[in-house]
Amino acid sequence: MRGVGAASIPGRLGARTTRPALLWWGWAAALFLLYAAVGARRQALIRTTGYDLGIFEQAVKAYAQLRAPVAPLRGDGFNLLGDHFHPVLVVLAPLYRLAPSPYTLLFAQAALLALAVVPLARRARQALGRRAAHVIAFAYGLSWGIASAVAFDFHEVCFAVPLVSYALEALALRRWRAAVAWAAPLLLVKEDLGLTLAAVGGYIAWKGRRRLGLATAAAGLLGSALEFKVLMPFFSPAGTYAHAANLEPAHGSLLATLAFAPLDAVRPEVKATTLVLVFAPAALIALRSPLAWIAAPTLGWRMLSQNPFHWGTSFHYTAVLMPVVLAAMTDALAPYRRSGDALGRRHVRASLATTAAVTLVLIPSFPLAQLVHRSTWRSTAHIAAARDLLRRIPDGATVAASNRLAPQLTSRTDVVLFPTYPVHWRLYDTDAAAVPPPSTQWIVYDRVPAESWPYPPGYWPYPKDRQEAELMKAEQAYGYRIVAQRDGITLLRR
């Protein structure tokens, strides 16, 4: 009898130790399904874009074919490593080789963003308890920063989110080498993330091992400098950093720009709103933790950028900050839980309740709410017309397509944007005197403006009258003939 009882103990202990894992892996599975549903429906409803899903698919497709990541949508012969430094995309090549589709990228992004909840929930359960772990997982998974990334195509930053999340868990546990190991690959994700690696190093130098921390900070700073100054200009056909205009001094000189930086970081008011909203999912409690400083590099370059797209809440720019905010909140509340007194416990409960409430209140204003809209689950005559006309384009053809039609074609054709953009690799320049003539076999143009977050209904990259003029010119001057027209979509062939 004793032997039987003793033998049964490991089984009972094993059951207890595996149940917590079901908490965070269960959340990861649920979030993956949620994010995958958003991405898949946007692609099915022709709400994704050539800029950026099509561009990234072209790069991954090239890697899968053992070629340099040239993305014709980004410009003629443009190596995408000259746009942003993200060699990490090569890890998607085997998956894309097996399943050549934009859905491969969208599902990979969903999985990576969902994976980031695992260390956050695990650390929250250890420091604050099981119920707190559910709240932290909920606040991260349905946070507006992640929602904004999920609902705008695919971006390389999805690789950074779990790396940062695991690095933060290691920092909280004072596992310094593990934190460096998780954060170091950020240098392969995007050029600015070397600054985040440097912030991780600074935290380690302050809280733990000084030499390791300083070496990590130096590696991050030097890595980003090398990518900005050497690697991206080397790969860019223009020979310069493609986004250098975003970093130009705002006040004419570097000294004046630094002097005004504190004010410029909160004006115009959209910047201040974004700064508040970044920490809102943690009810601002995250600001009590030194881990919140890991967010400083990303917030800094965004608020001081000359590109207004970086200031607001749309797009993917906030995704990497969400793990920082929730990990910092857990860190800030942990001492109250450890204190054991009733007041400390009430403070933890009230803080978590506030976080859950703020997350719930923000959900309707951001893209995850799309899943409860009827329009998300219904097709339209316009979508049917688009699919019918796109099927007429043979595999392997060269096509100039409207922005929202491009990712419907990138897996099986060679696609550029119609009308041509950017001209001579210059982003955001739509005032060129002459748009280069199309040189593809096919043109497919959609004159119906799609209504889809984060863009309002409208025309991009050129106004409607200019796009119509380029379409007329293609027919009258460049030898294209109309093959079919249906529901505002025109298909032409040279």
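Residue numbers run from 1 in the order of the sequence given.
Side chain to side chain, Trp460 and Asn403 fail the donor-acceptor criterion of an N or O pair below 3.5 Å. Side chains of His243 and His84: a donor-acceptor N/O pair is present below 3.5 angstrom, by distance only. Between Asn307 and Ser305, the side chains place no donor N or O within less than 3.5 Å of an acceptor N or O (distance only, hydrogens not considered). Counting only N and O atoms by type, the side chains of His382 and Asp446 include a donor and acceptor under 3.5 Å apart. Side-chain N/O atoms of Gln43 and Thr48 include a donor and acceptor closer than 3.5 Å.
When all heavy atoms of Leu352 and Val135 are compared, the pair lying nearest together is O-CG1, 3.5 Å. The two residues Arg404 and Pro407 have their closest heavy-atom pair at O-CD, 3.8 Å. Taking both residues in full, the closest heavy atoms of Ala334 and Ala127 are given as CB-CB, 4.1 Å, listed atom of the first, atom of the second, then distance. Shown here for Ala28 and Val118, the closest heavy-atom pair between the two residues is CB-CG2, 4.0 Å. Taking every heavy atom of both residues into account, Thr330 and Ala124 meet most closely at CG2-CA, 3.8 Å. The two residues Ala108 and Leu92 come nearest to each other via the heavy atoms CB-CD2, 3.7 Å.
In this structure a side-chain-to-backbone donor-acceptor pair under 3.5 Å is missing from Thr196 to Asp192. Looking only at distances, no side-chain donor or acceptor of Ser165 sits under 3.5 Å from a matching main-chain atom of Pro119. Side chain of Thr104 to main chain of Tyr96: no donor-acceptor pair is present (N/O by atom type, distance under 3.5 Å, no hydrogens or angles). Side-chain atoms of Arg42 come within 3.5 Å of backbone atoms of Ala151 as a donor-acceptor pair (strictly under, hydrogens ignored). A donor-acceptor pair is defined here as one N or O able to donate and one able to accept, closer than 3.5 Å; no such pair exists between the side chain of Tyr63 and the backbone of Val91. Side-chain atoms of Ser236 never come within 3.5 Å of backbone atoms of Tyr241 as a donor-acceptor pair (strictly under, hydrogens ignored). For the pair Tyr140 (side chain) and Val325 (backbone), a donor-acceptor distance under 3.5 Å is absent. Listed for the Asp153 side chain is a donor-acceptor partner under 3.5 Å among the backbone atoms of Asp52. Side-chain N or O atoms of Arg130 include none that pairs as donor or acceptor with a backbone N or O of Pro20 at under 3.5 Å. A donor-acceptor contact shorter than 3.5 Å is absent between the side chain of Arg125 and the backbone of Ala133.
Gln370 places none of its side-chain heavy atoms less than 4.5 Å from the side chain of Ser375. Using a 4.5 Å cut-off on side-chain heavy atoms (C-beta onward), Ser411 and Lys61 make no contact. Counting heavy atoms from C-beta on, the side chains of Leu53 and Thr410 never come closer than 4.5 Å. Using a 4.5 Å heavy-atom threshold, the side chains of Val161 and Leu112 count as separate. At least one side-chain heavy atom of Leu186 sits under 4.5 Å from a side-chain heavy atom of Val164. With contacts defined as side-chain heavy-atom distances shorter than 4.5 Å, the pair Leu120/Met329 does not qualify. Taking the side chain as every heavy atom from C-beta outward, Ile294 and Leu321 never approach each other to under 4.5 Å. For the pair Pro422 and Tyr51, the minimum side-chain heavy-atom distance is below 4.5 Å.
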If you apply the rule side-chain contact (heavy atoms from CB on, under 4.5 Å), what do you find for His310 with Asn246, and how did you get there? CA-CA 10 Å; His310 295 156; Asn246 295 336; 3.7 Å; yes
Before giving the answer on side-chain contact (heavy atoms from CB on, under 4.5 Å), spell out for Ile383 and Leu45 the whole-Å C-alpha distance, their side-chain angles and the decisive distance to 0.1 Å. CA-CA 7 Å; Ile383 294 171; Leu45 295 173; 3.6 Å; yes
Let's go through Leu221 and Leu195 carefully: what are the C-alpha distance in whole Å and the side-chain angles of both, what is the deciding distance for side-chain contact (heavy atoms from CB on, under 4.5 Å) to 0.1 Å, and is it a yes or a no? CA-CA 6 Å; Leu221 294 174; Leu195 304 179; 3.8 Å; yes
Would you please test Leu231 and Leu81 for side-chain contact (heavy atoms from CB on, under 4.5 Å) and show each step? CA-CA 8 Å; Leu231 295 177; Leu81 291 174; over 6 Å; no
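Taking the six-membered ring wherever Trp is involved, the centroid distance between the rings of His86 and Phe56 falls below 6.0 Å.
Relative ring orientation between His155 and His316 is described as parallel, the plane-to-plane angle staying below 30° on a 0-90° scale split at 30° and 60°. Relative orientation of the Tyr203 and Trp206 rings is perpendicular, given thresholds of 30° and 60° on the angle between their planes. Ring geometry for Trp182 versus Tyr166: interplanar angle under 30°, hence parallel rather than tilted (30 to 60°).
Taking 4.0 Å as the cut-off between side-chain N and carboxylate O, Arg123 and Asp331 do not count as a salt-bridged pair.
Within a 6.0 Å sphere centred on CZ of Arg175, other residues, nucleotides and ligands contribute 12 heavy atoms or fewer. More than 12 non-hydrogen atoms from other residues, nucleotides or ligands lie less than 6.0 angstrom from CH2 of Trp301.
In summary, of the residues considered (Phe315, Tyr317, Phe366), a ring-ring contact (aromatic ring centres under 6.0 Å, His included) with Trp144 occurs for Phe366 alone.
Atoms CG and OG1, from Leu277 and Thr318 in turn, are 9.0 Å apart once rounded to the nearest 0.5 Å. In this structure, the separation between CH2 on Trp25 and CG on Leu115 is 5.5 Å, given to the nearest 0.5 Å. To the nearest 0.5 Å, atom OH of residue Tyr35 and atom CD1 of residue Ile146 are 5.5 Å apart. Annotation: the span from Trp311 atom CH2 to Met303 atom CE amounts to 9.0 Å, rounded to 0.5 Å. Here Leu106 contributes atom CG and Cys158 contributes atom SG; the two are 10.0 Å apart, rounded to the nearest 0.5 Å. Thr355 OG1 to Phe138 CZ: the interatomic distance, rounded to the nearest 0.5 Å, is 10.5 Å.
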